Structure formats: C-alpha cells, structure tokens
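Note sheet for the following structure.
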Amino acid sequence: MKKLLLLLAVALPLLFVGCSENKEKKAKELINHQLKVTLHDFDSYESVEFGKLDSTFSDVSDVPEFADALEKGQDFTKQGKDKIETAKMYGECTLYEKQVEYARWGRTLLDSAKYYLNIADKINSTFVPKFIGWNITHTFRANNASGNKVIGHRKYYFDKDVSKIINDENLDED
C-alpha cells in the first residue's frame, strides 16, 4: 500500500506538469502562427518572454442583465443629479414652482437608479465565475511598418482546449 501511495505521489505531479507543458506548447504555437499573420515583418520577430499559462474565468460584466441594470442605474443617477442641480438653480432665482418640479423629478430618477443598481448588486453578489479558457502574456520585438524595431506586449486568450485564440489584447495601450 505504501509503495502504491509513493508511486501516486510521484506520478500525479508529473502527469499534471506534462499536461500543462503540452498546453503551454500549443499556446506558443498558436501565438507564433498568429504573429506570422499579423506582424509587418515576421522575419524580424524575436521572442523576449512568455508568461505562465493561466486560467481565465467569466466575469459578472459578461452577464447581459448585469450590464443592462448597471448601465440604467448609472444613467438614471446622472440624470437625477442633473435635475437636482437644476432645481437648486431655480431656487436661487426664486422660481420655487420650477425648483419643486425639478427636485421631484430628480428624486424620481434617483429612485429608479437605486432600483436598477440594486438589481446589479444582487446579480453581482450571486455571480459564480466559471472556467472559460486560458491566457498567457507574450513580450516580443519586431520591425514595425516603418522598419523600426519595436517591443510588443500582448495577452492572448484561448478556448478550454487551447485549440484556438479567442481574443488578444495589446497591453501597451493600457
């Protein structure tokens, strides 16, 4: 029994490392192919560094109901605050009827904002991220369209099987 446990203790980590290395190798091959298609001068390409292949999880902002409720809540908040500011201006001009009208309108809009922001908060509090794939960062040098050597920093996102690139983002633009 002890021999079996010892064998499992040695074999299991090697199995996971082998799978991880295989996925990482596939990711690098996909990136290489992507760069052949997208770089202006692939022959000038030099790999500088690859990050570690890491899991990617879904985000609450990807839930349409959350995004919709949050957007409406923020929009109603802005409108409500604008109406209340307008009510204050009418108060300074002693146009009290207009002040009351705009203040009431502003409070109604802020109540609507609270309603939608509560919906967004409820969705956020019950959201459970799901595994959706993998990502890796890559730093490289290559000639741009003018022939000047530039350095690029990109993050690539892959499907669960690391069989295709789902998305990539330029980290230099942040």
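As a basis for the values below, the full set of heavy atoms in this structure was taken, side chains included, without hydrogen atoms, waters or symmetry mates. No experiment lies behind these values; they were computed from the predicted model shown.
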Which distance, rounded to the nearest 0.5 Å, do you find between the CD1 of Ile119 and the CD1 of Ile123?
-> 7.0 Å
Which pairs with one or both residues in residues 79-89 pass salt bridge (Lys or Arg N to Asp or Glu O under 4.0 Å), sequence neighbours excluded?
-> Lys78-Asp82, Glu85-Lys88
Mark yes when over 12 heavy atoms from residues, nucleotides or ligands other than Glu29 sit less than 6.0 Å from its CD; otherwise mark no.
-> yes
Determine yes or no for a side-chain-to-main-chain donor-acceptor pair under 3.5 angstrom, with Asn118 supplying the side chain and Lys114 the backbone.
-> yes
Residues sharing Ile132's hydrophobic cluster, by side-chain heavy-atom contacts under 4.5 Å among ILVMFWY, directly or via others?
-> none
Sorted by chain and number, sequence neighbours left out, ring-ring contact (aromatic ring centres under 6.0 Å, His included) with Tyr96 holds for none
How long is the span from the CD atom in Glu24 to the CH2 atom in Trp134, to the nearest 0.5 Å?
-> 10.0 Å
Residues forming a side chain to side chain contact (heavy atoms under 4.5 Å, CB included) with Ser125, sequence neighbours excluded | none
The side-chain hydrogen bond (donor to acceptor under 3.5 Å, both in side chains) partners of Asp159 (sequence neighbours excluded) come to Ser163
Atom pair OH/CD1 of Tyr102 and Ile84 - distance to nearest 0.5 Å | 13.5 Å
Name all residues meeting the side-chain hydrogen bond (donor to acceptor under 3.5 Å, both in side chains) criterion together with Asp75; count only those two or more places apart in sequence or in a different chain, and write none if there are none.
-> Gln79
Output the distance between atom CG (Leu30) and atom CG (Leu35), rounded to the nearest 0.5 Å.
-> 11.0 Å
Applying side chain to side chain contact (heavy atoms under 4.5 Å, CB included) to Lys36 and not counting sequence neighbours gives Asn32, Phe42
Donor-acceptor contacts, no H, no angles, side chain residues 46-70, under 3.5 Å, sequence neighbours left out:
unit_1	atom_1	unit_2	atom_2	d
Glu46	OE2	Lys149	NZ	3.0
Thr56	OG1	Asn135	ND2	2.9
Ser58	OG	Lys130	N	2.9
Asp59	OD2	Ser61	N	3.0
Asp59	OD2	Ser61	OG	2.5
Asp62	OD2	Asp59	N	3.3
Asp68	OD2	Lys72	NZ	3.4

Decide yes or no for Phe131 and Lys160: does some side-chain heavy atom of the first lie under 4.5 Å from some side-chain heavy atom of the second?
-> yes
Partners of Asn143 by side-chain hydrogen bond (donor to acceptor under 3.5 Å, both in side chains), sequence neighbours excluded?
-> Asp41
What residues form a side chain to side chain contact (heavy atoms under 4.5 Å, CB included) with Asn144, not counting sequence neighbours?
-> Ser146, Asn148, Val150
If two hydrophobic side chains count as joined below 4.5 Å and joins carry through other members, does Tyr115 share a cluster with Leu117?
-> yes
Write out all pairs satisfying ring pair (Phe, Tyr, Trp, His ring centres under 6.0 Å) with one or both partners inside residues 147-173, taking only residues at least two apart or from two chains.
-> none
Could you pull out all residues at least two apart from Phe76 that satisfy ring-ring contact (aromatic ring centres under 6.0 Å, His included)?
-> Tyr116
Approximate separation, where rounding is to 0.5 Å, of Arg154 CZ and Ile165 CD1 | 9.5 Å
Would Leu109 and Trp105 count as a side chain to side chain contact (heavy atoms under 4.5 Å, CB included) if you check the C-alpha gap in whole Å, the side-chain angles of each, and the deciding distance to 0.1 Å?
-> CA-CA 6 Å; Leu109 287 165; Trp105 195 359; 3.9 Å; yes
Please round to the nearest 0.5 Å and tell me the distance separating atom NZ of Lys155 and atom CG of Leu171.
-> 7.0 Å
